[in-house]
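To keep things clear, I will list the structure first and then write my remarks on it.
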Amino acid sequence: MLSVLIPIFNFDCTSLVIEIINQCNANNLTFEVITIDDFSNSDYKEKNKNLSIFQNTKYSELPSNIGRSKIRNLLAKTASYDNLLFLDCDSEIENTDFIKNYIPYFNNNKVVYGGRCYKNQTPKEKKEILRWKYGIKRETISAEQRKTNTYLYFLTNNFLCSKNTFNSVQFNENLVGYGHEDTLFAQELKKKNIEILHVENALTHVGLETTELFLSKTKEGISNLFKAAKSYNLNTTEIKLYRNFERLNKFKLSAVYLFFYSLLIKKIIEKNLHSQNPSLFFFDLFKLYWCCKIAQELSKGE
């Protein structure tokens, strides 16, 4: 028995739900699909409101946005069955055995992560290229590689676990906004000695943010990284971005980097990131700048 749980925000997930239903039926599963809209724009609500007419599918709307952690906890609480499959709404299932590949892992006390992938074709829209390139180069990771550091390579877009396992950890609802709720979740799994199994069962991410939105969410994610490190004892030793920031801090160079970036390379980097051929190296410099800037702002507030 399987509960497929999909938090919805500003995306039409009709095709995703239909594919899930077809695959569950093909495998003779007792199942439900629970979708909750986290206060999307009205046009997306209009597109998704008919989801409840589909077989074994529930759709509901929240009166305000409660965020990535709370909505996943709510979905788990709503689920009727013991096997929980969390999927991001802005996804596409390209593998006809996607559901079948998870069945051998039903009813165990481990978390199973299937991975994330992207379309091979470069997006037609220039404003989507940075997000796509980042996804292809940094997020499309084979199960074999993910197994080398099982907790570091966990994301929330596509994972299976039992209800008991989920309830023993849950997502930290104090971490609001975008970013690092998955990092904290994985850290709690590690603390409780709950194993993450990595399998080759990727879900295709098709909801590409514009460069403007992606950069904005990146800044928000960095703010959450600092909040998680300070307030929730997030172990940052394996987070490359944070390690690079700490190296600058160690040699008292973060203020120098802020000055150098702002005065000499900020315009060059941001122009490149919005271009047809964005550089991920420049994107890393952008992230490091925001680490230094947010750390500086936090130190002033103390």
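Please read all numbers here as calculations on a predicted model, not as lab measurements.
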message = Distance check, rounded to the nearest 0.5 Å: Glu220 atom CD versus Ile294 atom CD1?
response = 10.0 Å
ask   = Do you see a donor-acceptor pair shorter than 3.5 Å between the side chains of Asn83 and Asn107?
value = yes
note = d(Ser60 OG, Ile8 CD1) to nearest 0.5 Å is 8.5 Å
remark   = The salt bridge (Lys or Arg N to Asp or Glu O under 4.0 Å) partner of Asp284 among Arg138, Lys240, Lys137 is Arg138
query = Using a distance-only test with no angle check, is there a side-chain donor-acceptor pair under 3.5 angstrom linking Gln145 and His198?
reply = no
query = Side chains of Lys271 and Lys267: closer than 4.5 Å at any heavy-atom pair?
reply = no
message = Is it the case that atom CD in Gln55 sees more than 12 heavy atoms from other parts of the structure closer than 6.0 Å?
response = yes
request  = Would you confirm whether Thr57, through its side chain, and Glu32, through its main-chain N or O, come within 3.5 Å as a donor-acceptor pair?
outcome  = no
Carboxylate-amine/guanidinium proximity below 4.0 Å for Lys147 and Glu144 = yes
request  = Look at the rings of Phe159 and Phe154 and say which category their plane angle falls in: under 30° parallel, 30 to 60° tilted, over 60° perpendicular.
outcome  = perpendicular
request  = Start with the C-alpha gap between Phe31 and Val4, add the side-chain angles, then the distance that decides, and say whether side-chain contact (heavy atoms from CB on, under 4.5 Å) holds.
outcome  = CA-CA 8 Å; Phe31 72 96; Val4 183; 5.6 Å; no
message = Is it the case that the side chains of Tyr102 and Asn27 hold a donor-acceptor pair, with the cut-off being a distance below 3.5 Å and no angle test?
response = no
ask   = Would the number of heavy atoms belonging to other residues, nucleotides or ligands and lying under 6.0 Å from NZ of Lys191 be above 12?
value = yes
query = To the nearest 0.5 Å, how far apart are CD in Glu195 and OG1 in Thr150?
reply = 7.0 Å
task = Give me the one residue out of Phe286, Phe283, Trp132 that meets ring-ring contact (aromatic ring centres under 6.0 Å, His included) with Phe214.
result = Phe283
query = Roughly how far apart are Leu51 CG and Asp12 CG, rounded to 0.5 Å?
reply = 7.5 Å
query = Out of Phe226, Trp290, Tyr257, which one pairs with Phe245 under the ring-ring contact (aromatic ring centres under 6.0 Å, His included) rule?
reply = Phe226
ask   = Side chain of Asn272, backbone of Ile268: donor and acceptor closer than 3.5 Å?
value = no
ask   = Can you tell me if Lys133 uses its side chain to pair, donor with acceptor, with the backbone of Pro278 under 3.5 Å?
value = yes
query = Is there a donor-acceptor pair closer than 3.5 Å between any side-chain N or O of Asp82 and the backbone N or O of Ser162?
reply = no
Donor-acceptor contact below 3.5 Å, side chain Asn224 vs main chain Val176 = yes
query = Do Thr237 and Arg243 come close enough that some side-chain heavy atom pair is under 4.5 Å?
reply = no
Side-chain touch Leu184/Leu234, heavy atoms, less than 4.5 angstrom = yes
message = Measuring only between side-chain heavy atoms, which start at C-beta, is Lys227 closer than 4.5 Å to Tyr232?
response = yes
inquiry  = When you compare the side chains of Glu173 and Ser69, does any donor N or O come within less than 3.5 Å of an acceptor on the partner?
reply    = no
ask   = Hey, is the main chain of Ile93 close enough, under 3.5 Å, to the side chain of Glu19 for a donor-acceptor pair?
value = no
task = Any chance you could measure Lys217, atom NZ, to Tyr178, atom OH, to the nearest 0.5 Å?
result = 5.0 Å
inquiry  = Under the salt bridge (Lys or Arg N to Asp or Glu O under 4.0 Å) test against Arg116, which residue among Glu139, Glu92, Glu94 passes?
reply    = Glu139
query = Can you tell if the side chain of Asp37 reaches within under 4.5 Å of the side chain of Phe9, non-hydrogen atoms only?
reply = no
message = Treating Glu238 as the side-chain partner and Leu152 as the backbone partner, does any N or O pair qualify as donor plus acceptor under 3.5 Å?
response = no
Lys100, NZ atom: more than 12 neighbouring heavy atoms under 6.0 Å = no
ask   = Taking it one step at a time, do Ser40 and Phe11 satisfy side-chain contact (heavy atoms from CB on, under 4.5 Å)?
value = CA-CA 8 Å; Ser40 296; Phe11 199 83; over 6 Å; no
request  = Would you confirm whether Arg146, through its side chain, and Val199, through its main-chain N or O, come within 3.5 Å as a donor-acceptor pair?
outcome  = yes
query = Is any side-chain N of the basic residue among Arg72 and Asp38 closer than 4.0 Å to the acidic one's carboxylate O?
reply = no
query = Which atom pair, heavy atoms only, marks the closest approach of Ser254 to Asn249?
reply = OG-OD1, 3.2 Å
Six-ring centre of Tyr44, Lys47 cation under 6.0 angstrom, axis tolerance 45° = yes
key: Euclidean distance, Gln170 CD relative to Asn73 CG, rounded to 0.5 Å   = 4.5 Å
query = According to the interplanar angle, ranging from 0 to 90°, do the rings of Phe166 and Phe171 count as parallel (below 30°), tilted (30 to 60°) or perpendicular (above 60°)?
reply = tilted
request  = With the side chain counted from C-beta on, respond yes when Lys70 and Glu181 share a heavy-atom pair under 4.5 Å apart, and no when they do not.
outcome  = no
ask   = Among Asn235, Thr236, Ile222, which residue meets the side chain to side chain contact (heavy atoms under 4.5 Å, CB included) test with Tyr242?
value = Thr236
key: Sole candidate of Asn56, Ile18, Ile20 that passes side chain to side chain contact (heavy atoms under 4.5 Å, CB included) when paired with Val33   = Ile20
Residues Glu188, Lys192: salt bridge by 4.0 Å N-O rule = no
ask   = Between Asn50 and Thr14, is there a donor-acceptor pair closer than 3.5 Å when you use the side chain of the first and the backbone of the second?
value = no
request  = Please check if Tyr81 and Leu75 belong to a single hydrophobic cluster, counting links between Ile, Leu, Val, Met, Phe, Trp and Tyr side chain heavy atoms closer than 4.5 Å.
outcome  = no
